[in-house]
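Side-chain atoms are counted along with the backbone in the values below, which use heavy atoms only and exclude waters and symmetry mates. These numbers come from a predicted model, not from an experiment. Quick note: residue numbers are just sequence positions, from 1.
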Amino acid sequence: MRAVSDHFTVIVPAHNEAEVLEGNILRLRDYVKQISPESEILICENGSTDGTPEIAEALARRHGDIRLLSLPHPSLPEALKRGIESAHFERIIYLPADLSVNLSFIKESLGLLDEYDIIVGSKRMRGAIDDRPLERRLLSRGYHLLVRLLFKMNLTDTTCVKAFRRNKVIGLLHRVPTSSSVFETRLLTEALREGLRVKEIPVVVRDQRRSRGLPRRVIKAFLDLISSKFHSLPLDL
């Protein structure tokens, strides 16, 4: 049986995050407990080759409100999908392991989930702050320009933090292959096509780390986005 409605699950995908994982998860846990002491943090470790699995396992052993889900291969889409499927609670928050987005997104989005099905954090709408390197900001703008052109979508950001009502999105997960590097964008297009209520809110992103394998990831994302256009109808929003 799914648990009490005022509790929630925070999904944290983690791939090679050994340097920051323990401190960030404990910081996140302190914040979550102030909102709802019985909520949970679900670390979705995927294919790490550093000490991430061992750190995550130790955290889960020490704290009953931290769980670990380990996947054999690196895959953010698979981590998100499995995390949503495995969440104990109806309301789900997705945050990156580096906690580069303001934690206040959790509290704000939880309140909005009473009215909306999905809350999307935006780095680009009015009121947002995007303190990432210029290269990453420019690539993000180009990617989301292509999203709007291909899918007629009026969201300003599809690749940042999100909050979901589990029962609204669980049936959409099978429609988007986790092999797609644009899984989050595709999931939102399916949600909008299904008529789900989606709300964007501005977030603060402070992240000066260099993205791992950025050129290769960007090329794959653009190719996957164009390819996905031929497998779905344009949205008229």
If two hydrophobic side chains count as joined below 4.5 Å and joins carry through other members, does [X] share a cluster with [Y]?
X: Val161; Y: Leu103; value: yes
X: Ile66; Y: Leu42; value: no
X: Tyr31; Y: Val205; value: yes
X: Ile84; Y: Tyr94; value: yes
X: Phe164; Y: Leu172; value: yes

Quiz item: Of Arg197, Lys199, Lys162, which meets salt bridge (charged side-chain N to carboxylate O under 4.0 Å, His left out) against Asp117?
Solution: Arg197
If we only count heavy atoms from C-beta on, is the [X] to [Y] side-chain gap below 4.5 Å?
X: Cys44; Y: Ile11; answer: yes
X: Ile92; Y: Phe8; answer: no
X: Arg27; Y: Leu99; answer: yes
X: Glu22; Y: Leu59; answer: yes
X: Thr185; Y: Tyr143; answer: yes

Self-check item: Evaluation steps, side-chain contact (heavy atoms from CB on, under 4.5 Å), between Val198 and Leu192
Solution: CA-CA 7 Å; Val198 180; Leu192 290 167; 3.7 Å; yes
Which atom names give the shortest non-hydrogen contact between [X] and [Y], and what distance separates them?
X: Ala191; Y: Ile118; answer: CB-CD1, 3.6 Å
X: Leu80; Y: Pro13; answer: CD2-CG, 4.0 Å
X: Lys81; Y: Phe183; answer: CB-CZ, 4.2 Å
X: Asn46; Y: Ser75; answer: OD1-N, 2.8 Å

Flag for [Y]-[X]: side-chain donor and acceptor within less than 3.5 Å:
X: Thr52; Y: His15; result: no
X: Thr9; Y: His88; result: no
X: Glu17; Y: Ser48; result: no

Are [X] and [Y] ion-paired here, with the side-chain N under 4.0 Å from a carboxylate O?
X: Arg29; Y: Asp65; result: yes
X: Asp207; Y: Arg136; result: yes
X: Glu194; Y: Arg175; result: yes

Quiz prompt | Partners meeting side-chain hydrogen bond (donor to acceptor under 3.5 Å, both in side chains) with Arg82 (sequence neighbours left out) | solution = none
Exercise. Check each of Leu188, Thr158, Ile201 against Val120 using the side chain to side chain contact (heavy atoms under 4.5 Å, CB included) test, and report the only one that passes.
Key: Leu188
Quiz item: Rounded to the nearest 0.5 Å, how far does NZ of Lys152 lie from OG1 of Thr189?
Solution: 14.5 Å
Quiz item: Pairs in or reaching into residues 104-115: which pass side-chain hydrogen bond (donor to acceptor under 3.5 Å, both in side chains), with residues at least two apart or in two chains?
Solution: Asn102-Ser104
Quiz prompt | Over 12 non-hydrogen atoms of neighbours within 6.0 angstrom of CD in Glu19 | solution = no
Quiz item: In chain order, what residues pass the side chain to side chain contact (heavy atoms under 4.5 Å, CB included) check against Leu138, with sequence neighbours excluded?
Solution: Leu134
